[in-house]
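Scroll down for the structure; my scribbles are underneath it.
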Amino acid sequence: MQQRDGKQSLLDGWNSPPNLVTYTRIVLVLIFLWADIAAGSWGQRNPWMRFAAAMLFIVAASTDKLDGWMARTYNQVTELGKLMDPIADKLLICSALVVASVFGEVPWWVTVLFLIREIGITVMRFFVIDTGGKVIAAQKAGKYKTLTQCIGLGMLLMPVWALSSKITNPGLVAFAGGIPTFSHVGAGIPVWWSCYYTVTGLLIFVALILCLYSGYVYVRNVVRARKTK
């Protein structure tokens with residue numbers, strides 16, 4: 001159904017294949033959350049459950065590219081898809097960050113900054129729609145942010161600590177601002193472990209920078225679009 005002024009209705013194409021993939025990703029988020037929480041901090045309660053949670057996270061994150069590709073290839077880009085796709089991403093990323101912070105794996109200040117940006121942009125998207133505007137699609141900075149978030153969190157979720165017999169309790173390892181440093185090697189931590197989690201932490205912080213920058217770009221574009229109306 002099209003609006004009289006020629007603009008696409010929000011519900012147009014709600015059952016299109018790309019949107020069905022997006023809905024599936026939201027369901028995967030719920031299953032991922034259950035597995036992640038059940039595994040416990042760092043997956044110490046059940047490393048295999050933590051591995052399953054990591055795989056679910058990776059699969060859910062990967063479907064973001066699938067529905068986007070389908071929408072562009074088969075000319076099925078919809079207003080609902082442009083709205084729901086980033087919301088599905090935010091549910092996945094934000095839920096993973098909150099659980100990680102509860103478990104002490106990611107500093108709360110990092111998660112709070114992510115949440116402020118993500119929730120703020122989501123509210124603004126609904127405001128734009130409510131006032132008759134079109135949904136502004138994600139910009140390149142936002143896409144790079146999502147990519148680094150998914151890689152960083154995917155690495156964090158992997159229970160690689162279980163590969164070393166020297167690490168019996170990864171939760172006892174001290175973190176410097178949320179990133180394990182090479183100084184931990186002297187405390188019996190393997191070099192590869194320290195390198196792995198250092199890269200993981202750096203990716204998450206790069207994602208945070210891109211998150212804040214892309215949020216600024218989005219707000220700027222919304223303001224400019226409203227001024228030109």
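V29 places none of its side-chain heavy atoms less than 4.5 Å from the side chain of L56. Residues I58 and M158 form a side-chain contact, since some pair of their non-hydrogen atoms from C-beta on lies under 4.5 Å apart. Contact annotation: the side chain of L157 never approaches that of F51 to less than 4.5 Å [non-hydrogen atoms, C-beta and beyond]. Residues W108 and T111 meet the side-chain proximity criterion, which asks for heavy atoms closer than 4.5 Å. Side-chain contact between R117 and K90 is present, with at least one heavy-atom pair separated by less than 4.5 Å. Residues F32 and S95 meet the side-chain proximity criterion, which asks for heavy atoms closer than 4.5 Å.
L28 and W34 are assigned to two separate hydrophobic clusters, defined by single-linkage of ILVMFWY side chains at heavy-atom distances under 4.5 Å. In the hydrophobic clustering of this structure, V27 groups with I93; members are Ile, Leu, Val, Met, Phe, Trp, Tyr whose side-chain heavy atoms approach within less than 4.5 Å, directly or through other members. Linking ILVMFWY side-chain heavy atoms closer than 4.5 Å, directly or via other members, places I31 and M55 in a single hydrophobic cluster.
Distance CD1/I37 to CZ/R45: 9.5 Å, rounded to 0.5 Å. Once rounded to the nearest 0.5 Å, the distance linking CG of D89 with OG1 of T22 reads 8.5 Å. In this structure, CG on D36 lies 9.5 Å from CZ on F57, to the nearest 0.5 angstrom. Distance check: Y218 OH to Y213 OH gives 16.0 Å after rounding to the nearest 0.5 Å. Interatomic distance, L91 CG to L33 CG, rounded to the nearest 0.5 Å: 9.0 Å.
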Considering only distance and modelled atom types, tabulate donor-acceptor pairs under 3.5 Å from the side chains of residues 203-212, sequence neighbours left out.
none

*Would W161 and R50 count as a side-chain contact (heavy atoms from CB on, under 4.5 Å) if you check the C-alpha gap in whole Å, the side-chain angles of each, and the deciding distance to 0.1 Å?*
CA-CA 11 Å; W161 59 269; R50 176 75 169 216; 5.8 Å; no
_Working note: L97 + L115, criterion side-chain contact (heavy atoms from CB on, under 4.5 Å); need CA distance, chi angles, decisive distance, verdict._
CA-CA 9 Å; L97 283 167; L115 292 177; 5.9 Å; no
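Annotation: Y197 is in aromatic contact with W42 [ring centroid separation under 6.0 Å].
Closest non-hydrogen pair, A96 versus L153, comes out as CB-CD1, 4.2 Å. Smallest separation of non-hydrogen atoms from R25 and A60: CD-O, 2.6 Å. Taking all atoms of both residues into account, the shortest heavy-atom contact from A35 to M49 is O-CG, 3.2 Å.
Here the side chain of T148 pairs a donor or acceptor atom with the backbone of K145 at under 3.5 angstrom. In this structure, the side chain of Y196 does not engage the main chain of L156 through any donor-acceptor pair within 3.5 Å. Panel note: side chain Q44, backbone S41; a donor-acceptor pair is recorded below 3.5 Å.
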